[in-house]
Amino acid sequence: MRARLLLLPAVVPVVVVLGATLALGGAQSLGLMPVVGEPALNLRAYRAVVASGDLWPAITVSVTVAGAATALALAVGLATALAVRASRVGGRILGALAASTIPIPHVVGAAAIGLLLADTGWLPRLLGLDEGAWPALVAGPWWGAVVLEYAWKESAFVALVVLASLAADTGELMDTAAVLGAGRWARARHILLPLALPGLVTAGAISFIYAVGSFEVPWLLGRSSPEPLSVLAYRLFTSTDLTVRPQALAVAVVTVALSAAIGLAALGLLRRRPVLA
Amino acid sequence: MRARLLLLPAVVPVVVVLGATLALGGAQSLGLMPVVGEPALNLRAYRAVVASGDLWPAITVSVTVAGAATALALAVGLATALAVRASRVGGRILGALAASTIPIPHVVGAAAIGLLLADTGWLPRLLGLDEGAWPALVAGPWWGAVVLEYAWKESAFVALVVLASLAADTGELMDTAAVLGAGRWARARHILLPLALPGLVTAGAISFIYAVGSFEVPWLLGRSSPEPLSVLAYRLFTSTDLTVRPQALAVAVVTVALSAAIGLAALGLLRRRPVLA
Amino acid sequence: MTSSVDLVAASRTYTGAPAPAVSRLSLHVAAGDAVAVLGPSGSGKTTVLRLIAGLDVPDEGDIRIADTTVLGVPPERRGIAMVSQSPRLFPHMSVLDNVAFGPQMSGVPKRQARQAAERYLDLVHLPGMGRRRPATLSGGQQQRVALARALAAEPAVLLLDEPFSALDPSLRADMHRLVTELRALLQPTIVLVTHDHQEAALLADSVAILIDGQLQQHVAAAALYDRPNSLTVSRFLGCLNEVPGHARAGRHVSALGTIDTAYPDGQADGDAVLVIRQEAIALTRADDPAANATGCIERTTPRGARTLVEIATTAGLLFAEVQPGRRYGHGDVVGLVLPADQCVVIPTASRTVTAGQVPASPVPSGR
Amino acid sequence: MTSSVDLVAASRTYTGAPAPAVSRLSLHVAAGDAVAVLGPSGSGKTTVLRLIAGLDVPDEGDIRIADTTVLGVPPERRGIAMVSQSPRLFPHMSVLDNVAFGPQMSGVPKRQARQAAERYLDLVHLPGMGRRRPATLSGGQQQRVALARALAAEPAVLLLDEPFSALDPSLRADMHRLVTELRALLQPTIVLVTHDHQEAALLADSVAILIDGQLQQHVAAAALYDRPNSLTVSRFLGCLNEVPGHARAGRHVSALGTIDTAYPDGQADGDAVLVIRQEAIALTRADDPAANATGCIERTTPRGARTLVEIATTAGLLFAEVQPGRRYGHGDVVGLVLPADQCVVIPTASRTVTAGQVPASPVPSGR
């Protein structure tokens, strides 16, 4: 009973904000809380965003950019984690390096990437390349700078999560596998990778969700069209035309639904592969 | 030797981007890479930001808002984690609730908080309050909505980190303390809190750093003046006046330095209290 | 400062468990006494301690400390202390503060609590270790600190939950000496849970044998192996010899012949199994007139400095453990001496056993 | 399929350690033999296995498998398999895939590897358990799976690192039977590391006693307790009786009198300690002409079904372990029979011991 009471101060704010966010956001997107006019349950806002031709491209861009960045972050993060496990001295330096990217805010990272990779950036200048020879990473058609920024920042996170999630006895399991005849690559494939998988799935899902939801990076480094979901929602929400606000919330609901779907998929993956506590 | 080679693909991008970011960002803020004119090492950009009267208020606002939000998130997150530990059934629901806030992007959370707490928001309307009776949380002098948004989102993170960092044998240590005569509160104070401290410090530092570096939330929910560091840096960086770009980088360097200082302080705290592996 | 402890028909079934962990258990521990609860893993031993400590509550029955029910009294107000298999030291406190924890919780000022802690560290032969972190101590040292911490709380009842089973044999012997020493000095009431017969007999005044949540027998420690009251107990205590037959007028009649038993008054007459420990059978020449039976050596296995000998007899295989230096070869014919006072007779009606000596597949060791 | 194993003057010192973990160790294990490396914790036993397995490399000396040096050969190509104290099963694989891991790594197709795995699961008496996850098995079952996994790799050398010390006594006995059975069936070369004398004597053909990284004695398992070559070894094996004096013409002369020894040829003449195990001393009447000495009962302690008796004699305290049913009281006068073949004489020059039987404070159990 007492433990239940202790729960209250913790439960109340979470439930209120989460519930309010989803319920009222959903309600407004469904026309139940119009800025002007009578409330009526309808999908008008959703239809309007679809009709504007912005929604599908936005979903495509968001998913593609987040997916590419997450894939890159997982690959680099996993390699980092494995390298840290494998070597002691190098490991510490690397761990410190990975951790040191955490205090750099995305907006600063994005700015730096922009300065580094833009057509007129430091890197092409350093390499002495002409404008044509350098790929259009910043504001280019392939969202290269956006993907790189997320991948750079999240790969450190992936490495740290994978390292933390690898059980304390991983080294012993690797020794056991070696003694049973598994060479370096077989050990990595059959022991280390499966053991790292829960960490990879968790970090990957969080990374993907973050990349879908965040908007300063695409705004700074991406193109103005097509807009990713977060930028689209932000533009509609801050529009002076108050009648598009339900559309902003409709986009937000789609973003949250997409993130929740990825989160549930990750949970499903984690359930399917039981991990020793 | 082979393990060292494995390190390369992981080390190179981290070093390049981190190094480039810090070195070149630092260089440009120090006048070594001017957009126009000759390079010269000087503190002109820093002096200019200080002279503009924007820097000190920005630091004050950033630190205050991030500090208040982090303190709130730590309190709520710790309470949540303890409640989860204490009760099994309630614990699962609560854990799920806390985890479910993760897929909601900050920009969506900020929008929802705005809709909920603004003068003309849903909550005052729901409570039937007049405009004067409702505190100016959104865009108000106390940055209430910004603090609440961060606290709401980060408290779930704090709870999850604290739960994960509490050792598997915490329950047994609590039982041991009980048998030795420690009541409920004594157990919380002498056993649980010290054991949760590393998790609290880690989560608190990450939370603080995030709040200092992120800029969509203050932009959506804060006042236009004084600007926090991230907003100031962003405004200067995207300014059409290219000569203020060194100032933008100076602000970014200050932000990163502040974040790094907090990170180092956290590391120091973690070192001072040895934790059982 | 010491109190008696009673379990009165206490039962506890865990949700989802097919059988009760402890079933209608009644056990009396007099103030200042040490009782060992002895049983295989999964027999409910730890549940007994958790019920006394208040970390668990019986579904039925009563728990009494100093003749007063403690149902509803939380662990911290039961005046107990416990040492578990793992030391469970508080990792964020120094060794000294770990030991001073109990006194501090009972309101002793910090300085005095620490002074008391120093004394208890001396008692467990770890003087001057107070400033170290628990993690820097060896396993045996940590377990001593756990013992000091429990004693420093000056408990009316000290609960020991297999406290030495994770230690090396030599460390374990050290700890046994230490406990005997501390018992003489402080005389706490002790309930010790163990699966080690020797430890039970060594440290306790009496031994309660618990199998499958049921109290099988409660005997004085010195007489632990003398009179098992069932084949279950006999087998659990490691006795290998069982000869079915029947008892008449205090003698046992079987394929082995007629053997004098420990019950000359005939109280065990009827269908009965003769049980005799392998340590009690002496081997002699086949033509020795003192021999009760003869047999043929089947196999020998080293048992420490001694040898376990399997002998084929008219009543099947019998086992004898013989002293160092005696060498037997396969097929040697020997005489077996079965001392009458070691021949226990167990009425067949009490044969409630299914497994035990049979090389059964291991049971999951739930607690 | 089985190979001999040799350590040739192998040394290994860990960085920061004050003394070598293993010091100039030479040990020969013939193909198909089982050698137990017996020693207290921290004696370097595990290092020996790691050196053979290739998980560690000697600073000096050579490691040879099948008469070929394996220095520079990685663990996966040494044709070995190992079972440790904890089962170390791969948590993400089924039990069957764990057992099939070895065959698969040596290139056997998955289906055949699994069929082989089924056979080995049958061998360890776990048929049909293949589809389960390791975490759902009991500790004893997991350890059997670990054994099956090691055997399925068809190693030329099987390394066992205290594989049963985390198990209950009854599970341990089951595992001992299983290993004996598997040895008869598969005849692998076995190096077993243990701190348990009985386990060493039971499972191995010969026993190498390792103390402080140095090989003290390497004897046939059946003769493990017969002729300790130093007081260090005698004490480590648990012998409690030491009588200083000197040996002349095969007899030992001391405060106890003149005693016939196991060395009638006088090979051990000179200043020497008489060593006799407590299991070997028989107690009799004080006036028994067979008694070598008399003494007065000082104290009795239960030792399982037997009793350890301390007897005050002219040569100080002596210990005897007597069979069940013999009861002695403080002050009783008894005769002691010391069988000549059990009286070992150790020249005093070999007294290189410092601690051992003294109740020393526990040593940190580093590996």
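Letters A, B, ... mirror the listed sequences (proteins, then strands); counts begin at 1.
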S.K.: What part of Arg50(C) gets within 4.5 angstrom of chain B, counting heavy atoms only: side chain, backbone, both, or neither?
M.R.: side chain
S.K.: Do you know which two heavy atoms are closest between Gly181(B) and Met105(C), and how far apart they sit?
M.R.: O-CB, 3.7 Å
S.K.: Under a 4.5 Å cutoff for heavy-atom pairs, which residue among Arg88(C), Met82(C), Arg78(C) has the most contacts with chain B?
M.R.: Arg88(C)
S.K.: Do we get Arg149(C) above Phe90(C)'s six-membered ring, with its NZ or CZ under 6.0 Å from the centre and within 45° of the axis?
M.R.: yes
S.K.: What part of Ile80(C) gets closer than 4.5 Å to chain B, counting heavy atoms only: side chain, backbone, both or neither?
M.R.: both
S.K.: Could you go through Val5(C) and Arg64(C), starting from their C-alpha distance and side-chain angles, then the distance that decides it, and tell me whether this counts as side-chain contact (heavy atoms from CB on, under 4.5 Å)?
M.R.: CA-CA 6 Å; Val5(C) 174; Arg64(C) 304 172 74 83; over 6 Å; no
S.K.: Is there side-chain contact between Tyr150(B) and Ser207(B), with at least one heavy-atom pair below 4.5 Å?
M.R.: no
